[in-house]
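Notes for the one structure printed next.
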Amino acid sequence: MSWSATLSELGIELPPVVAPLAAYVPAVQTGNLVYTSGQLPITDGQLLSSGKVGADVTAEDAKQLARVCALNALAAVHALVGIDAVVKVVKVVGFVASAPGFDGQPGVINGASELFGEVFGDAGAHARSAVGVAELPRNAPVEVEIVVEIA
């Protein structure tokens, strides 16, 4: 399957890989799996938003930020093995910096999950965790990591 053609048809351009913020690499391959590091909503080197979802950031805005995280994860996969090598999105883990009482983490992480569905169709259906946390690096509201199977 040509996922790069699908991205083009959807008008989606993968961003450059976000430089690691500490001692890790953006993605690693073992066997036929690629694991990405957690990706923040960073575009052109800038964190797009900060703070807690449900207080400083709306759930709808956080959902869009999760989509940016997902694009950054795909960029990491693409830089390592090429996007067209993807066979299936296996697992998505999303972390949401949550204000007290906020319980909409699944809706926020849908921003990532829906992107994978748009791009990969049935191959984008995945297992998932959406976890509320107290803090994320750089005070980001959301972080997403993925595991993909490759050919």
Side-chain angles (χ1 to χ4, degrees), residues 1-51 53 57 59-98 105-151:
M1 186 64 168
S2 175
W3 304 124
S4 52
T6 302
L7 286 167
S8 183
E9 289 168 14
L10 293 170
I12 297 172
E13 186 174 327
L14 292 178
V17 177
V18 175
L21 304 176
Y24 61 89
V25 295
V28 296
Q29 176 184 350
T30 182
N32 66 339
L33 297 175
V34 172
Y35 291 76
T36 70
S37 296
Q39 299 294 314
L40 301 179
I42 293 175
T43 300
D44 297 326
Q46 299 298 313
L47 186 66
L48 297 179
S49 184
S50 62
V53 180
V57 179
E60 190 55 40
D61 286 346
K63 181 179 179 181
Q64 293 307 309
L65 294 169
R67 182 180 176 94
V68 173
C69 295
L71 284 169
N72 288 340
L74 290 180
V77 170
H78 181 61
L80 187 66
V81 298
I83 197 72
D84 292 329
V86 173
V87 172
K88 174 142 189 67
V89 179
V90 177
K91 175 82 174 183
V92 174
V93 180
F95 302 97
V96 181
S98 301
Q105 294 84 5
V108 169
I109 302 305
N110 278 348
S113 294
E114 291 169 3
L115 173 74
F116 299 134
E118 289 172 36
V119 173
F120 299 108
D122 290 343
H126 52 270
R128 186 180 90 175
S129 299
V131 182
V133 298
E135 299 287 339
L136 286 170
R138 297 180 67 186
N139 198 29
V142 64
E143 179 174 351
V144 171
E145 62 184 55
I146 65 174
V147 179
V148 297
E149 179 187 357
I150 59 169

When rounded to the nearest 0.5 angstrom, what is the spacing between [atom1] in [X] and [atom2] in [Y]?
| X | Y | atom1 | atom2 | answer |
| --- | --- | --- | --- | --- |
| I150 | D84 | CD1 | CG | 12.0 Å |
| L47 | L136 | CG | CG | 10.0 Å |
| F116 | I146 | CZ | CD1 | 4.0 Å |

Please name all residues satisfying side chain to side chain donor-acceptor pair (under 3.5 Å) with [X], sequence neighbours left out, ordered by chain then number.
| X | value |
| --- | --- |
| S50 | none |
| Q105 | S98 |
| H126 | S113 |
| K63 | E114 |

- [ ] Any side-chain hydrogen bond (donor to acceptor under 3.5 Å, both in side chains) involving residues 131-147? Give me the pairs, sequence neighbours left out, ordered by first then second residue.
- [x] K52-E135
- [ ] Write out all pairs satisfying side-chain hydrogen bond (donor to acceptor under 3.5 Å, both in side chains) with one or both partners inside residues 88-97, taking only residues at least two apart or from two chains.
- [x]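 Sorted result for residues 88-97: K91-S129.
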Task: ring pair (Phe, Tyr, Trp, His ring centres under 6.0 Å) partners of Y35, counting only residues at least two apart - done: none
Mind listing the side-chain donor-acceptor pairs of residues 9-31 below 3.5 Å, one per line with the distance, residues two or more places apart or on another chain?
unit_1 : atom_1 : unit_2 : atom_2 : d
Y24    : OH     : L21    : N      : 3.0
Q29    : NE2    : G31    : O      : 2.9

Open item on the list: I'd like to check I109 versus V142 (side-chain heavy atoms, cut-off strictly below 4.5 Å). Are they in contact?
Closed with: yes
TODO: Please name all residues satisfying salt bridge (Lys or Arg N to Asp or Glu O under 4.0 Å) with R128, sequence neighbours left out, ordered by chain then number.
DONE: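 Listed in chain order: nothing, the list is empty.
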Task: Results of salt bridge (Lys or Arg N to Asp or Glu O under 4.0 Å) for E149 - residues two or more places apart only - done: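 Here no residue qualifies.
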Distance-only check: which donor-acceptor pairs under 3.5 Å involve side-chain atoms of residues 65-73, not counting sequence neighbours?
unit_1 : atom_1 : unit_2 : atom_2 : d
R67    : NH1    : E118   : OE2    : 3.0
R67    : NH2    : E118   : OE1    : 3.2
N72    : ND2    : L40    : O      : 3.0
N72    : ND2    : I42    : O      : 3.0

Task: Taking every non-hydrogen atom, the tightest pair across A140 and A97 - done: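 It is O-CB, 3.5 Å.
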Task: Intermediate values then yes/no, side-chain contact (heavy atoms from CB on, under 4.5 Å), L74 and L115 - done: CA-CA 10 Å; L74 290 180; L115 173 74; 4.2 Å; yes
